[in-house]
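Presented below is the structure to which this report refers.
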Amino acid sequence: MDEQAMLTRDLVLRLCANATEFDEHWLRTDHKVVAPFTAARDTTLLSAIVNAGRAVGVDHLLVCRTRAEHAYEPVTQVPTDTAVLIELIREWGSEPTDFLVVVEDTSAAILVTASMLTVAVGPDDFVRTFVGADIARARIEFADEARLSRDPDLLRAAHHYNCLEQGGRHARGARRGPGPDLAERVHARAARVREGAPRAAAAFGALRGVWGWLLVAVLVLATLFAPGVSATVPLLLGTLWLLAQLALPARSRTVSFAALVRVIALGALMAWPIALVELAFAGAVGFDPEDQYAYAYIAVPVEEIAKFAPLLLCWLVARRQVKRLAAVDFLLLAAAAGAGFHLAEQLMLTAATIGSGTEGWSPGRLGVFALLPGGVELPVEGIRFSGHGVTAALVGGAVGLAVVGRRMYGVWLWLLPPIAIGIAALEHLNYNAAMAQLDPTAVTAFMFALVGNGFATRWLLLLLLVAAVVMDFRIARLGADTTPRLPGRAPLTGLLRWARGRAVRARVRVPGDIAPGFRRVALGWARVPVTLAEAASSMLHEFNVTLVAASRGPDTLFTAWRFLRQRRGFAMGAARAGAKAWRRSPSREELAETETELATAMGVGPRAAGAAAVAAAAVMVPVLLVAPGPGPAAAPENGAYALLLMREATDWIGTLSAAERAWLFAGLASMLGLLVSGWSVPYAKPSLRHFLRAPGRATGSFLGALAPGQVPYGVAALVGMALPKSTDTLLKRRTRPSPPGSGTTQAR
């Protein structure tokens, strides 16, 4: 507080609409979590208020009465001590009154009315101190209580804080939200088959396992009888390793790894349509497709735009899920589409160079032991092409940050996609110019040097990945009032308290009379440690859940993996939708039921309740200026140009015998078949106990679990079973003596 005491009216007008309701504009600021509840007016509630202040790391609280007759009284600043707060309220007299307790920077508050109604607003940890770990369930219970009691104050509060829209039975039919898309209908049909026809599901799993290994056998035989196919396996492994390197640290993703692998297949299939588009575009603008300048003016714009076509197909098939995507999901989907196109381009390059009698592939192209493999370095020219997977991921990550974070961080985030598109286009342009022996203009060379001549792209992508993950967890926490909780105890609570307390003290010191832009920057900078601490706590909590689930067996581990991903999708859907209706799939009730089953299985139990194409053209036009270099004018043999690579690969295939051609197509078809099936998280593990009772079903489960794409999950489950059962202590609250006046209470 300032040296001059703040008047009650100044604080109440800033936060409240009247003596018993918070202001809607203040609630929307910083997207605060709100939870109304009923509680007795006793020392238990006051102790919970003090504990809530300690949960956000503050040493002092602001207290005042909210009725008009007390408007000109000074606001009292009290330490976070239960005895001091009790003494202050006793000084007001024995008559019940409405009062407000606020954190100094007004980021959290609790409104205590003269009746049983109480409303807590602020960060999720602040609100959980009053209503328990599951805020969503507490809001639903309050809505049911208001509806059953027909108390006008409770009903008004339930409507004002949007509790009835989530929990009221009368609203469930009217606000069910949009219908399912094609992907959700397919998943629902598969779930009905697994539950209603387990024998058919086991048979399908067995067929998938046998089919997968049959494809592997065909691919191995094709490497022996068809030239060039031997490069398929390391190229495929390198592509999967590139995707795994991005997907593993992307702990906020909501798309499954199986979906990303399927997008790789779609990206590879786009090579032929892209070549046709390049041919049509060359004819439309009057270019010879084999001209040197076609490498810059045709290959770069067409490929940089068309390789994102699989993402359009994803939107057509799963448009509801697209509205629930996290920022990092855009990065991963774009990386998968670009990596698939790069894989096809590398295979065509291998075929073209074999046909010309040169060596077109080396392990360095898509090495399994490289960081973000797929890049090609040209030491003489001093440039590097990071590959379509990396450049596409850079653009996708920038678009994801803009789409998901624009409401919280402002429209300035839309500056990131044009910058990323420009970097990707410059890298592609300079590489193609070097392959075509063209010299870029001084402007192009200068701009490319500013972004590291292609050597900094991987590190920019990793920086973008970290930013997307942190922002995703920050936004997902805003949906805590509707999202089921994670099982067990959250880690790093001490770090969170320190970060939030530091942020409160820093925000209080920001002057209120400075320019609004500088003030927003200062307030945002003060919150950076809180955002990082929240992201670290959420990631570590999910990691602990995974470890404990792994120690409980494969069934629990696989259920935990699906629950964590679906829960992130639910939280992102709630945060991105805001007040709009959105498709909840799975529903909150289904997720809450799964969470209860996981908590029981892991021994922690339930806790106490309480515009891209236009931007690309705009960026590329001023820099796509190349001049003939000193080299020959003939087109190169191994440039990154899909049209010419497709022509040369087709010509080489025509020189093969019928048997070699058949084995070649069989190998490529096997590779695509392996990509599109068998990579999802298993739903059931094989059990020897049920072999004698149902040998057919057990055999099907074994064959399904041994499918090529299921092997990594099986290995992870075997490693998890070696963990000791005592790992469940990672999710249990440590018992230790509590300081006086800080006992845990549930004011319900």
Side-chain angles (χ1 to χ4, degrees), residues 20-22 27 31-42 44-49 51-53 55-56 101 108-113 115-149 151 153-172 175 476-490 493 541 567 570-571 574-575 584 587-596 598-599 604-610 733 743-748:
T20 59
E21 290 183 352
F22 282 112
L27 293 177
H31 307 273
K32 300 177 178 65
V33 177
V34 186
F37 59 96
T38 56
R41 302 297 171 258
D42 54 15
T44 302
L45 176 61
L46 300 182
S47 179
I49 293 174
N51 291 337
V56 293
V101 182
I110 179 166
L111 181 59
V112 182
T113 65
S115 62
M116 298 286 288
L117 176 63
T118 310
V119 186
V121 179
D124 52 346
D125 288 343
F126 181 87
V127 176
R128 285 191 180 98
T129 308
F130 300 99
V131 300
D134 198 337
I135 301 175
R137 181 177 299 175
R139 286 170 56 88
I140 292 176
E141 291 175 355
F142 176 79
D144 291 338
E145 180 182 359
R147 181 180 53 82
L148 294 175
S149 66
D151 186 287
D153 293 334
L154 299 185
L155 285 173
R156 185 169 56 252
H159 281 289
H160 183 69
Y161 302 114
N162 299 322
C163 295
L164 281 175
E165 294 182 355
Q166 303 171 40
R169 295 177 183 174
H170 68 281
R172 291 176 185 173
R175 295 188 58 85
R477 290 182 77 98
L478 302 180
D481 55 347
T482 59
T483 307
R485 67 182 178 92
L486 284 172
R489 175 185 62 89
T493 54
H541 195 176
R567 180 183 177 275
F570 190 96
R584 296 164 172 82
S587 65
R588 189 217 167 272
E589 290 76 12
E590 293 172 341
L591 285 176
E593 182 180 354
T594 305
E595 183 273 328
T596 303
L598 278 175
V604 294
R607 288 195 288 178
R733 190 172 298 277
T744 302
T745 61
Q746 298 297 329
R748 293 303 310 273

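As the structure is a prediction and not an experimental result, all values here were calculated from the model.
- Using modelled atom types, one side-chain atom of Arg567 and one backbone atom of Pro484 make a donor-acceptor pair closer than 3.5 Å.
- Rounding to the nearest 0.5 Å gives a distance of 11.0 Å between CG of Leu148 and CG of Leu154.
- For Thr20, the side chain to side chain donor-acceptor pair (under 3.5 Å) criterion is met by Asn18, not counting sequence neighbours.
- In terms of modelled atom types and a separation under 3.5 Å, the side chain of His31 and the main chain of Arg477 share no donor-acceptor contact.
- Contact check for Ile135 versus Asp124: side-chain heavy atoms found under the 4.5 Å cut-off.
- For the atom pair His541 NE2 and Thr493 OG1, the distance stands at 11.5 Å (nearest 0.5 Å).
- Partner Asp134 forms a salt bridge (Lys or Arg N to Asp or Glu O under 4.0 Å) with one of Arg128, Arg588, Arg139 and no other, that one being Arg588.
- Rounded to the nearest 0.5 Å, atoms CG (Leu117) and CZ (Arg156) are 9.0 Å apart.
- Defined by atom type and a distance below 3.5 Å, a donor-acceptor pair is present between the side-chain atoms of Arg41 and Thr118.
- Counting only heavy atoms from C-beta outward, the side chains of Phe130 and Ile49 approach each other to under 4.5 Å.
- Val119 is listed as a side-chain neighbour of Val34, based on a closest heavy-atom distance under 4.5 Å.
- The shortest side-chain heavy-atom distance between Tyr161 and Glu21 falls under the 4.5 Å cut-off.
- Taking CG from Leu45 and CD1 from Ile110, the interatomic distance works out to 5.5 Å, rounded to the nearest 0.5 Å.
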